[in-house]
Student: 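Handing you a structure now.
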Amino acid sequence: MRVALLTEGVRPRSPRGAGGWCDRLVDGLREHDFAWYVLAGTAGTAGTAATAATAATDGAGGVSRAGTGADAEDAARPAVHELALWGRRPAGRAPGALRGRQYAAAYDRLVRALLRPGERSGFGPGLYRLAELARADGALPAFLVSDRARRVLERVWRSPGADTSAGQPLVCDVLVAADLLEQCLRPLSAPWYGTAPGGLGAADLCHVVGGGPAALPALVAKQLHGVPFVVTEHGLHLREQYLGYREAPYRWPVRALLLAFFRALTEETYRQAAILTPGSAHDQQWQRRCGADPARTRVVYEGTPAVERPSAGPEPDAPTLVWAGALEPGRDPELALHAFARVRAELPAARLVLHGEEAVPGYRAHCAAVAERLGVADAVEFAGRPRSAAEAWADGTVVVFSALSQRRPRLLADAMLSGRALVSTDVGVAREVVGPTGLLVPPRDPQALAGACLALLRDDERRARLGLAGRLRAQERFAVEPVTGAFREIYLELVSQWPAFPAAAPDAGAGPRPRPFARPAEYWITDRRRTEPPEAAAAPVSADPVPGDPVTADGTGGADEGGAADRVDGAGALVALSRGRLPAAGEAPDRAGSFAEAV
């Protein structure tokens with residue numbers, strides 16, 4: 001099927017072996033046709049610096065990237081369509097008088113939904129009306145930066161009943177907020193809403209990675225073409241906005257307005273999404289508080305290739321506590337220092353190594369002063385940023401996490417994969433990730449943290465047992481293959497419940513009838529060399545065979561030919577049909593190669 005990946009600020013097309021989550025998803029689901037739709041920070045920043053890529057504008061500020069023949073592997077990657085989310089707005093003419101009034105009415109409804117608590121239900125209709133007008137004439141960016149839009153915003157903002165608890169807006173606030181809203185609404189005017197090749201209307205489903213403005217194209221595609229969409233968040237976008245706007249360089253009225261926009265967008269996204277896949281049960285609770293339907297929410301952990309990494313080597317000679325993270329108050333390295341002072345009183349040979357860069361100016365010096373005041377400065381090492389996480393964990397006997405909040409499980413899982421025993425404050429996702437394989441203590445309790453560390457430092461057998469159990473737990477929960485398998489099932493479930501062509505069928509004679517999916521089912525269970533012309537069968541699908549795919553006698557990749565059926569996860573019957581027999585009762589389906597070999 002055709003899947004549109006919608007992301008914000010993600011760098012697709014990264015080198016083989018260094019790819020991010022989207023790359024691993026695409027590599028694991030090769031039976032589907034993916035295309036990236038990226039909201040870049042500025043024009044041209046979403047893709048990596050690949051010399052084999054050429055860029056061509058596809059209108060209204062969008063950029064379409066495709067690989068050249070100089071790099072066959074890069075050319076085989078999904079197509080990438082970019083839209084600059086920040087910076088200079090796309091070029092376009094301003095709307096006429098009549099259309100300007102229509103834009104102003106839709107914009108007025110959207111702004112009222114942000115500023116008037118009793119009119120929040122108007123956010124969705126106002127949003128979709130703006131998208132409809134933008135698709136008709138492309139004048140939305142010009143309208144949003146016009147004096148007319150600013151007057152609408154100022155009138156609603158200063159009218160009786162508007163929420164001004166963050167302060168009365170000044171003229172400068174109106175100007176700044178209008179520019180920020182234009183950038184947030186820019187995806188509504190993207191050249192992606194059509195049924196032609198490259199349009200979201202031609203996709204079978206959309207997959208939003210990260211939420212926020214990246215969900216706007218999916219909302220519009222569902223409204224215009226009935227395309228369902230999935231939302232995956234490994235760090236809740238709305239929560240990050242609340243945290244980030246505490247230090248934003250804007251006055252409080254502007255911050256409150258923008259947070260109201262992101263809150264309304266999140267609620268509309270959760271309401272319209274077919275399935276939500278948070279990265280942890282902790283995030284799932286946040287989503288429910290924002291209106292997500294529990295029946296449409298499934299936890300899918302963020303897989304990491306680090307599960308294949310060997311465990312850390314021998315422990316250091318001296319009992320050592322290792323701490324890793326950004327040096328900032330939220331990570332609370334001061335708690336680790338106070339706990340270490342108690343450990344040092346019991347074990348004079350103990351050491352503490354803190355890995356991480358300074359995130360708040362002057363905070364490293366503050367921590368060094370705390371260590372000096374506690375009398376443990378000679379046993380505390382500020383090691384800076386390590387070359388790799390594995391190197392950081394190998395420096396210690398016990399891994400310590402002292403954060404006041406733990407929003408994402410990735411760092412905890414990486415420490416568990418090292419095979420070192422772990423002690424963490426019981427906050428955020430820690431209990432969910434660590435479970436019974438580590439020790440959890442209350443936050444801001446140096447005595448409890450010191451007691452847990454001493455218990456592990458004094459018991460070699462317990463430390464080894466917990467370290468091994470933690471590694472096995474992390475390998476089970478954060479392997480890449482279960483993640484791709486979960487999304488394979490989600491994709492198939494969605495397309496089985498939604499009509500193949502929600503939009504009206506084309507008139508007779510308008511062109512060839514489109515297929516419901518990019519490749520028919522017969523593609524995977526028949527030998528195409530017997531059904532296609534010789535010249536078609538002889539041509540490989542990609543220039544280079546994919547590692548792990550079957551290779552035919554003539555040296556061409558057979559993954560998209562006779563051996564392609566073996567790559568359909570869980571399709572035992574399809575594999576058996578391709579080989580002329582059905583599996584016996586209890587017989588596992590025969591698969592060609594493992595997932596690790598395939599990627």
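Values below: every heavy atom of this structure, side chains too, minus hydrogens, waters and symmetry copies.
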Student: Classify the ring geometry between Tyr37 and Trp192 as parallel (under 30°), tilted (30 to 60°) or perpendicular (over 60°).
Tutor: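 Perpendicular, since the angle between the ring planes exceeds 60°.
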Student: Assess the residue pair Gln284 and Arg289 against the criterion (side-chain hydrogen bond (donor to acceptor under 3.5 Å, both in side chains)); give the C-alpha distance rounded to whole Å, side-chain angles, the decisive distance to 0.1 Å, and a yes or no.
Tutor: CA-CA 9 Å; Gln284 184 183 32; Arg289 292 289 299 272; over 6 Å; no
Student: For the atom pair CG (Leu140) and CG (Leu188), what is the distance rounded to the nearest 0.5 Å?
Tutor: 6.0 Å
Student: Any chance the rings of His32 and Tyr491 have centres within less than 6.0 Å?
Tutor: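 Judged by ring-centre distance (under 6.0 Å), His32 and Tyr491 do meet the cut-off.
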Student: Is the closest basic N to carboxylate O distance between Arg298 and Glu493 below 4.0 Å?
Tutor: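 Yes.
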Student: Any side-chain to backbone donor/acceptor pair from Lys222 onto Gln272? Under 3.5 Å, distance only.
Tutor: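 Flag set: sc Lys222 to bb Gln272 pair under 3.5 Å.
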Student: Shortest non-hydrogen contact from Trp393 to Leu411?
Tutor: CZ2-CD1, 3.9 Å
Student: side-chain contact (heavy atoms from CB on, under 4.5 Å), that's the test. Do Val230 and Ile490 meet it? Break it down for me.
Tutor: CA-CA 9 Å; Val230 183; Ile490 289 172; 4.1 Å; yes
Student: For the atom pair CZ (Arg239) and NE2 (His237), what is the distance rounded to the nearest 0.5 Å?
Tutor: 12.0 Å
Student: Identify the two heavy atoms, one from Pro409 and one from Val433, that lie closest to each other, and give their separation to 0.1 Å.
Tutor: CB-CG2, 3.2 Å
Student: Checking side-chain hydrogen bond (donor to acceptor under 3.5 Å, both in side chains) for the pair Glu268/Tyr128: CA distance, chi angles, key distance, verdict?
Tutor: CA-CA 11 Å; Glu268 181 68 15; Tyr128 301 134; 2.7 Å; yes
Student: Trp36 and His81: ring pair (Phe, Tyr, Trp, His ring centres under 6.0 Å), yes or no, with the steps?
Tutor: CA-CA 6 Å; Trp36 260 302; His81 309 273; over 10 Å; no
Student: So, Arg309 and Asp414, do they make that salt bridge, N to O below 4.0 Å?
Tutor: yes
Student: Does the side chain of Tyr301 come under 3.5 Å of the side chain of Glu432 through a donor N or O and an acceptor N or O?
Tutor: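 Indeed, the side chains of Tyr301 and Glu432 share at least one donor-acceptor pair under 3.5 Å.
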Student: Report yes if the side chains of Leu85 and Gln183 come closer than 4.5 Å at any heavy-atom pair, otherwise no.
Tutor: no
Student: Rounded to the nearest 0.5 Å, what's the gap from CD on Glu302 to CZ on Phe478? Could you check?
Tutor: 8.5 Å
Student: Can you measure from CD (Gln475) to OG (Ser311) and round to the nearest 0.5 angstrom?
Tutor: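 Rounded to the nearest 0.5 Å, the CD-OG separation comes to 9.0 Å.
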Student: Cut-off 3.5 Å, side chains only: do Arg431 and Gln406 have a donor facing an acceptor?
Tutor: no
Student: Is the distance between the ring centroids of His207 and Phe487 under 6.0 Å?
Tutor: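 When the ring centroids of His207 and Phe487 are compared, they turn out to be within the sub-6.0 Å range.
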Student: Is it the case that the side chains of Arg296 and Tyr270 hold a donor-acceptor pair, with the cut-off being a distance below 3.5 Å and no angle test?
Tutor: no
Student: Which heavy-atom pair separates Val227 from Leu205 by the least distance, and what is that distance?
Tutor: CG1-CA, 3.6 Å
Student: Start with the C-alpha distance between Arg488 and Glu31, add both sets of side-chain angles, then the distance that settles side-chain contact (heavy atoms from CB on, under 4.5 Å), and finish with yes or no.
Tutor: CA-CA 10 Å; Arg488 178 180 287 111; Glu31 65 267 30; 2.5 Å; yes
Student: Look at Glu476 together with Arg473 and state whether they make a salt bridge at an N to O cut-off of under 4.0 Å.
Tutor: no
Student: Once rounded to the nearest 0.5 Å, what's the spacing between atom OG1 of Thr269 and atom CD of Gln287?
Tutor: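 The CD atom of Gln287 is 10.5 Å from OG1 of Thr269, to the nearest 0.5 Å.
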Student: Please report the interatomic distance SG(Cys290) to CZ(Arg271), rounded to the nearest 0.5 Å.
Tutor: 11.5 Å
Student: Show the nearest heavy-atom pair for residues Leu422 and Leu412, with the distance to one decimal.
Tutor: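 Heavy atoms only, the tightest pair is CD1-O, 4.2 Å.
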Student: Is a donor on one side and an acceptor on the other found under 3.5 Å between the side chain of Thr232 and the backbone of Pro278?
Tutor: no
Student: At their closest point, which heavy atom of Leu216 faces which heavy atom of Cys184, and how far apart are they?
Tutor: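 Smallest heavy-atom distance, with atoms named: CD1-O, 3.2 Å.
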Student: Are Leu265 and Leu219 close enough, and set up right, to give a side-chain contact (heavy atoms from CB on, under 4.5 Å), and what steps lead you there?
Tutor: CA-CA 10 Å; Leu265 176 60; Leu219 288 169; 3.9 Å; yes
Student: Hey, is Arg2 close enough to Asp33 for a salt bridge, meaning N to O under 4.0 Å?
Tutor: no
Student: Before giving the answer on side-chain contact (heavy atoms from CB on, under 4.5 Å), spell out for Arg24 and Thr484 the whole-Å C-alpha distance, their side-chain angles and the decisive distance to 0.1 Å.
Tutor: CA-CA 8 Å; Arg24 295 193 292 271; Thr484 56; 5.8 Å; no
Student: Is the shortest side-chain N to carboxylate O distance from Arg407 to Asp283 below 4.0 Å?
Tutor: no
Student: For Phe401 and Ala324, work out which heavy atoms get closest and say how close.
Tutor: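 That would be CE2-O, 4.3 Å.
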